[in-house]
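Notes follow the structure.
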Amino acid sequence: MSEKNSQQESPLAKTFDAQTIEPAIAELWDNANAFAAGAGHREGEESFTIVIPPPNVTGSLHIGHAFNNTLQDILVRFKRMQGKDVLWQPGMDHAGIATQMVVERQLMENQEPNRHALGRDNFIERIWQWKKQSGGLIFNQLRRLGASCDWSRERFTMDEGLSEAVLEVFISLYKEGLIYKDKRLVNWDPKLLTAISDLEVEQIETKGNLWHFKYPLEPGVSYRHPYILDNEGNKLSWRPSQGDPAGYEIRDYLTVATTRPETMLGDTGVAVHPDDPRYQDLVGKHVVLPLVERRIPIVADPYPDPEAGTGAVKMTPAHDFNDFDVGNRNNLRRINILTVDGNIHIKENDDFLEGLESTPELVDLISQLHGQDRFKARNIVLKMMETKGLLAKTENHTHMVPHGDRSGVPIEPFLTDQWYVNAEELAKPAIAAVREGRTSFVPKNWENTYFNWMENIQPWCISRQLWWGHQIPAWYGPDGQIFVEKSEREAQSAADAHYGKSVEINRDPDVLDTWFSSALWPFSTLGWPEKTPELARYYQTDVLITGFDIIFFWVARMMMAGLHFMKDEEGTPIEPFHTVYVHALVRDKNGAKMSKSKGNVVDPLELIDQYGADALRYTLANMAVQGGDVKLDPARVAGFRNFGTKLWNATRFAEITGVKYNSDFKPQDARLTINRWILAELSKSIEEITAKIESYRFNEAASAAYKFVWNSFCDWYLELLKPIFSGEDEDARAESQACAAYVLADIYKLLHPFMPFMTEELWQRTADREQLLCHAHWPTALDSDTEAADEINWLIELIGEIRSVRAEMGIKPSQVMALIITGADDKITKWIQMHANAIARLSRVEPVEIKESSPKGSAQIVIGKVNYFLPLEGIVDFVEERKRLEKELKKLDSEISRLDKKLGNERFVANAPERVVAEERQKLAGYQSQKEKMAVAHNRIKDMS
RNA sequence: GGGCGGUUAGCUCAGUUGGGAGAGCAACUGGUUUACACCCAGUAGGUCACAGGUUCGAGCCCUGUACCGCCCACCA
């Protein structure tokens, strides 16, 4: 490294040029293969593994990725510097629907044949081509961000290896009976023409109507319908809970309500609650479904709520999840009246026509409705019902309508054959693992969300009617017999064996839900099902860092898959990770989720262009509050860019003043208080930053570093070194130069996880380093040295007071004035002598003198028992000082009276811990002695002004 | 309908075992020096949403209310 990165001749530029330096540093890391698995590993240190949440192959870096990956990188770089055997496993997700949509759109834009014309194989080939050209853009963007993944290990969910894992998992779950095929209602997306899982359904509040229909009872049947009267004597519907009804009327119809009138074409029953007194006599009778004239039964089922609506509910088992269940319990027919794309299908539909007489009215109905879009059909049905006088009432009604999260159209419950995973079974060990603390969430409250979902988990529909994805390894024999095997050849021989002769088999055309392969990510990327060395070394992974929006989609499913397939030698299941760090989503300024469709996306790449990756990362780290929302304000990015510049300039100052890294410097041997002080502050910061990163409090780690660098190191340490650097004491200068270099080097290390580019650059430029900063040893704290702190804290307080007095009294900065000290003991005297230069320089006082008696006409400062005077004669009107003292005295009075009251409270003295009481007493004494001195000063000045 | 989170300075937000409320930005005053105007020094600004309760003591714990946001859910 030394030939390339030895100290460079040219001095540092005035600011850090992120545009040119960041890419150069990225290249330096690249060439050194700095992030390969195990790079920088030190003997005896364990492994540390993170798998990246695989971005979609179609994706480009959005602010959420930037946030998520910044946090991962902070942790990964931190662990790497601790000498751990680190793997940050990168990779991408094939994102079935999203990718297929992108390429289909591209075909359309290019006016090329659509996918159906192209055919399945050609289309898939086309997607691979697209991936080669435009996929994975996001990885370059992640590199710009500084993500230190082992890029050589990049995986893709459609890779051969990962596909092998998918096959293995599917087949063994099938053979265990945990994957099965079933005909039931699914969430059907009529636009994308595929089934989707419950999680891909978004409930959207929609304003609509609730229409009340009269369904005539079959001829000869009627019943007594009770009612109550309102104050005006109007008949109101009666509910079982209301006690005795006021009266009855004879009805030959039932009223049902619906938000989806068009589904009535598929009604096959009316359900009432078995205990509902209104309808008990009707159970077992029939109604005649209007328009269609189908005779359908009235059944008793616990599902209808007698308190809601009329208590009678129309049943469409083929188009509603509840009705489906009721239908199963009561043997109701299932009549599918829709096509896959959501149009009415009642012509030549045997299910629909069964049992119907072919009347002219029916023919007319069919001709009016068949082929109509479901929403148009709704209006037509409504008109028909109204015409017949069967529309009893129309109410405004706001309700949740399920929409496909990709297509944005209302989904249809649709009766199809699909593949399911028995998630309930797989969830059991996944729940236990978290309950028993083998995997824990940070922050902990997400565990409730996890449990709540896992404990109510539904079968997971994993088949998709798409082309892009892992095709389901199932083949069908002539009679529909299923053969699930690794290859067509094996399926063929299984089929041949089954039938005892050679038969033709057909592969299931469907592909698997993308999340099926993502669920395997923590072990499939390490080579499973092969027993690779990486699998042994890096599984179990350590921390999963992810947004809460994919806890269900991804985290839960990784837990299920990991615990089912990964076992140690004794067969004990191994969780995929021991910790799940859940961060907030980056939201727009209104707190809304950012999404492309809303157009409220902040582009991290623009921020990187403008401020540099380090600045963006530092900002994001500072926003990573556990449990909090993240709203991005560009002004803050600028602020943290400024912080980088500050550090840059501190280094520049060091360079100018001969600060040079010296490996002989031993911090324990530092002699000067100022050096011992900064080393103690450094140690405190090291401890704090280390602890905060380890507890995932990234914002607190970042702000601790910020304060140390800016407030302690730059504002005070470097300022206090200036007189030493320009002074005569060569030993002091040499020690300080070495010490400053030492502290700077540790600062680079401490900041490296947060701002890797600039720190690496500075590290390389400030000394002839043996290694890259990203492999340097994370610093450890020294034994604490509190002695120095007293002295420097006194100095800081004194300088601050002098500055404050000067400013308040309007003394020009250019005005140099004397400082006279009285009442100094030996210690203070020594300190004054030691720091006279610094005091003079930083607070513009000259000379600094210790005297026996106080000068006349001075501003007065009290620190501890010592008085400090600034003679004002000829400089400023005493009135100003009088006002200032009065203000001070007022403040002291209020403090003193507050403490008096508190300490006068017997119960406080009796109940509060001794420590607290003692502290308060000490404070009070301090304020009192300060007040006495101030009062003296005030009296004196009053006489003069 | 169930669950979770939020309400602290003009703005964006910190505040981990209860013991005098902080940061950044913005504002105001003023800038001499061996780095930095992306800077330095100083100043001002808060009934910690509201109402009760526990406690010697509450931004923090308990109860309730209001408003905002999110997640889950099959009410026709």
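Every chain is numbered from 1 and lettered A, B, ... according to where its sequence line falls, protein lines coming before strand lines.
For the 3.5 Å distance criterion, the side chains of A/S703 and A/K692 fail to qualify, holding no donor opposite an acceptor. Using a 3.5 Å distance cut-off with no hydrogens or angles, the side chains of A/S685 and A/E688 do not pair a donor with an acceptor. A/T651 and A/Y748 share a side-chain donor-acceptor pair at under 3.5 Å. Side-chain contact annotation: A/Y215 with A/D267, donor-acceptor N/O pair under 3.5 Å present.
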Taking only N/O atoms, report every protein-nucleotides 41-49 of chain B pair under 3.5 Å with atom names and distance.
residue	atom	partner	partner atom	Å
B/U43	OP1	A/S804	OG	3.4

So which protein N/O to nucleotides 74-76 of chain B N/O distances come out below 3.5 Å?
residue	atom	partner	partner atom	Å
B/C74	O2'	A/N322	ND2	2.7
B/C74	N1	A/N322	OD1	3.2
B/C74	O2	A/N322	OD1	2.8
B/C74	O2	A/N322	ND2	3.3
B/A76	OP2	A/H397	NE2	3.4
B/A76	O2'	A/A257	O	2.2
B/A76	N6	A/D305	O	2.9
B/A76	N6	A/A308	O	2.3
B/A76	N1	A/D305	N	3.1

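Nucleic acid contact class of A/W211 (heavy atoms, under 4.0 Å, all strands): none. Residue A/R652 is classed as a sugar-phosphate contact, given heavy-atom separations below 4.0 Å to backbone atoms only. Across all strands shown, A/E700 has heavy atoms under 4.0 Å from base atoms, whether or not it also approaches the sugar-phosphate. Heavy atoms of A/E895 sit under 4.0 angstrom from at least one base atom. At the heavy-atom level, A/L899 lies under 4.0 Å from base atoms of the strands shown. As judged by a 4.0 angstrom heavy-atom cut-off over every strand, A/K901 is placed among residues making no nucleic acid contact. Residue contacts shown for A/V916 include a base, since a base heavy atom lies under 4.0 Å away.
In this structure, CG of A/N649 is placed 5 Å from C1' of B/A35, rounded to the nearest angstrom. With rounding to whole Å, A/E719 atom CD is found 11 Å from B/C36 atom P. Whole-Å rounding puts the A/L721 CG to B/C36 P distance at 17 Å. For A/E920 and B/G19, the CD to P distance is 12 Å, given to the nearest whole Å. Note: CG (A/N699) to C1' (B/G15) measures 10 Å, nearest angstrom. A/D549 has its CG atom 14 Å from the P atom of B/C70, to the nearest Å. Protein atom CD of A/E455 is 14 Å distant from nucleotide atom C1' of B/C72, rounded to whole Å. The nearest whole Å value for the distance from the CZ atom in A/F643 to the P atom in B/C25 is 13 Å.
The ring-ring contact (aromatic ring centres under 6.0 Å, His included) check on A/F414 picks up A/W188, with sequence neighbours excluded. By the salt bridge (charged side-chain N to carboxylate O under 4.0 Å, His left out) test, A/E920 pairs with A/K902, A/K923, sequence neighbours left out. Scanning for salt bridge (charged side-chain N to carboxylate O under 4.0 Å, His left out) contacts around A/E801 gives an empty result, with sequence neighbours left out. Here A/Y450 pairs with A/F441 under the ring-ring contact (aromatic ring centres under 6.0 Å, His included) rule; sequence neighbours left out. Legend: residues meeting salt bridge (charged side-chain N to carboxylate O under 4.0 Å, His left out) with A/R378, ordered by chain and number and at least two apart, are A/E262. Residues passing the salt bridge (charged side-chain N to carboxylate O under 4.0 Å, His left out) test with A/D323: none are found, sequence neighbours excluded.
When the P atom is used for both B/C67 and B/C28, the distance is 38 Å, rounded to whole Å. The P atoms of B/A35 and B/C40 are separated by 12 Å, rounded to the nearest whole Å. For the C1' atoms, the distance from B/C48 to B/G42 is 27 Å, rounded to whole Å. Distance check on atom P: B/C62 versus B/G19 gives 16 Å, rounded to whole Å. Distance noted for atom P between B/A9 and B/G1: 32 Å (whole Å). Between B/C60 and B/G15, the distance separating the two P atoms is 14 Å to the nearest Å.
Note on A/W710: a side-chain N or O is less than 4.0 Å away from OP1 or OP2 of B/C40.
Closest approach of A/A584 to A/F67, counting heavy atoms only: O-CE2, 3.5 Å.
The nucleotide whose nearest atom lies closest to any side-chain atom of A/F653 is, among B/A35, B/G24, B/C71, B/A35. For A/R641, whose side chain is taken as the heavy atoms from C-beta onward, the closest listed nucleotide among B/A35, B/C38, B/G24 is B/C38.
Ring pair A/Y618/A/F754 is perpendicular by interplanar angle, where above 60° counts as perpendicular and below 30° as parallel.
Within the 4.5 Å cutoff, no side-chain heavy atoms of A/F213 are placed close to those of A/L289.
For A/E881 and A/R884, the salt-bridge test passes: some basic side-chain N is under 4.0 Å from an acidic carboxylate O.
For A/R636 and B/C25, a side-chain-to-base donor-acceptor distance below 3.5 Å is absent, hydrogens and geometry of angles not being considered. Remark: the A/K14 side chain and the B/A37 base include no donor-acceptor N/O pair separated by less than 3.5 Å.
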In B/S/- notation (B base, S sugar-phosphate only, - none; protein heavy atoms under 4.0 Å), nucleotides 54-60 of chain B written 5' to 3' is --B----
Pairs under 3.5 angstrom only: tabulate donor-acceptor contacts from the side chains of residues 710-720 of chain A to other protein residues two or more places apart or in another chain.
residue	atom	partner	partner atom	Å
A/Y717	OH	A/N675	OD1	2.6
A/E719	OE1	A/K722	NZ	3.2
A/E719	OE2	A/K722	NZ	3.1

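Of the residues near RNA chain B, A/I896 and A/I724, the one whose nearest nucleotide (by heavy atom distance) lies more toward the 5' end is A/I896.
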So what does the secondary structure string of RNA chain B come out as, 5' to 3', with Watson-Crick or wobble pairs under 3.5 angstrom, [ ] for crossing and | for pairs with another strand? (((((((..((((.....[..)))).(((((.......))))).....(((((..]....))))))))))))....
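Among residues at least two apart or in separate chains, side chain to side chain donor-acceptor pair (under 3.5 Å) pairs with a member in residues 905-917 of chain A are A/R915-A/E919.
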